[in-house]
Amino acid sequence: VDPHGFSVAIRWLHVAAMAIALGGAVLLAVAARGRAGLDGLLAISATYERSFWLAAGILVMSGIGNAAAFGIGLPEPASAWGAAFIAKLLLVALLVVASVPRTVAIVHLAALPASVGTQRTVATLYAVTALALLAILAFALRLAHG
Ligand code: HEM
């Protein structure tokens with residue numbers, strides 16, 4: 001296997017999973033503010049939650065692959081690159097931990113009678129998720145090499 005081609009494929013997977021997680025969260029945050037029916041919104045949210053956890057698993061595995069591709073050349077934690085990498089990892093850990101109650105909330109909300117309050121909660125949950133992913137993306141772009 002060509003090692004360069006392999007690491008490009010892993011990075012491609014990393015970026016594709018990021019696009020699914022971020023794109024879905026932005027779409028749901030915007031849709032929850034519109035006039036979409038709540039039942040449809042919650043059904044799509046439940047589907048997104050499955051995609052989110054699949055994407056999160058792919059991001060962590062391919063992210064480890066990205067780091068491994070640096071080999072012995074991986075920058076020290078004390079360097080600017082290393083500090084950005086650690087900040088990114090902390091944000092990823094925070095997002096993953098905070099996403100467990102978000103998934104549980106979506107499942108429970110789907111079982112409750114529809115209300116305007118529910119729609120606002122869904123909008124807030126996905127706006128916060130999208131902002132967290134954007135913050136991670138900001139650090140990721142500082143890590144990216146050409
Ligand atoms: C444990 C989780 C993660 C690890 C270990 C990780 C690791 C890395 C590393 C080492 C790079 C630099 C790749 C390079 O320059 O060759 C990178 C790039 C990147 N990461 Fe992550 N990452 C993780 C999670 C995430 C998440 C959750 C997102 C979603 C926002 C994300 C989005 C990106 C993007 C867009 C790039 C730039 C693309 C590229 O250079 O190929 N990463 N990641």
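Residue numbers count from 1 along this sequence. Computed from a predicted structure; not experimentally measured. Both counts, for ligands and for their atoms, begin at 1 and track the order of listing. Scope of the values below: all heavy atoms of this structure, side chains included, with no hydrogens, waters or symmetry mates.
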(request) Do me a favour and list the nearest non-hydrogen protein atom to atom 14 (C) of ligand 1 with residue, atom name and distance? (result) H145 ND1, 3.1 Å
(request) Using a strict 4.0 Å cut-off to heavy atoms of V15, name the atoms of ligand 1 that fall inside it. (result) 38 (C)
(request) Please could you name the atoms of ligand 1 that L133 approaches to less than 4.0 Å, counting only its heavy atoms? (result) 30 (C)
(message) Run the side chain to side chain contact (heavy atoms under 4.5 Å, CB included) test on L112 and T118 for me, step by step, so that the C-alpha distance in whole Å, both residues' side-chain angles and the decisive distance to 0.1 Å come before the verdict.
(response) CA-CA 9 Å; L112 291 176; T118 306; 5.6 Å; no
(request) Would you indicate whether the side-chain heavy atoms of F139 and V92 approach each other to under 4.5 Å? (result) no
(message) Would F85 count as a contact residue for ligand 1, given that I'm defining contact as a non-hydrogen atom of the residue lying under 4.0 Å from a ligand atom?
(response) yes
(request) Check the pair L109 / L42 against side chain to side chain contact (heavy atoms under 4.5 Å, CB included), numbers first and verdict last. (result) CA-CA 8 Å; L109 286 173; L42 285 169; 4.1 Å; yes
(request) Would you mind telling me if ligand 1 is within reach of the side chain of L89, the backbone, both or neither, using heavy atoms under 4.0 Å? (result) side chain
(message) Closer than 4.0 Å to some heavy atom of A144 - which atoms of ligand 1 meet that?
(response) 15 (O), 37 (C), 40 (O)
(message) Would you say that L137 contacts L134 through its side chain, given a criterion of any heavy-atom pair below 4.5 Å between the two side chains?
(response) yes
(message) Which residues end up grouped with L90 if you chain together Ile, Leu, Val, Met, Phe, Trp and Tyr wherever their side-chain heavy atoms are less than 4.5 Å apart?
(response) I86
(request) Provide, to 0.1 Å, the distance between atom 35 (C) of ligand 1 and the closest protein heavy atom, together with that atom's residue and name. (result) L137 CD1, 3.5 Å
(message) Between Q119 and G34 (side chain of the first, backbone of the second, donor and acceptor by atom type, cut-off under 3.5 Å), is there such a pair?
(response) yes
(request) Compute the shortest N/O to N/O distance between R11 and ligand 1 and return yes if it is under 3.5 Å, no if not. (result) yes
(message) With a 4.0 Å cut-off on heavy atoms, is A69 in contact with ligand 1?
(response) no
(message) If you define the side chain from C-beta out and look only at heavy atoms, does anything of I44 sit under 4.5 Å from L28?
(response) yes
(message) Short of 2.8 Å from atom 21 (Fe) of ligand 1, name each protein N/O/S atom, waters not counted.
(response) H14 NE2, K88 NZ
(request) Indicate, as side chain, backbone, both or neither, the part of L22 found under 4.0 angstrom from ligand 1 when only non-hydrogen atoms are considered. (result) neither
(request) Among Ile, Leu, Val, Met, Phe, Trp and Tyr joined by side-chain contacts under 4.5 Å, find the other residues sharing a cluster with I10 and list them by chain and number. (result) V1, F6
(request) May I ask you to list the residues sharing a hydrophobic cluster with L89, side-chain cutoff 4.5 Å, ordered by chain and number? (result) F70, L74, W81, F85, L143
(request) Test side chain to side chain contact (heavy atoms under 4.5 Å, CB included) on M18 and L133 and set out the steps. (result) CA-CA 8 Å; M18 177 279 292; L133 283 161; 5.9 Å; no
(request) Flag the pair Y48 / I20 as yes when at least one side-chain heavy-atom distance between them is below 4.5 Å, and no otherwise. (result) no
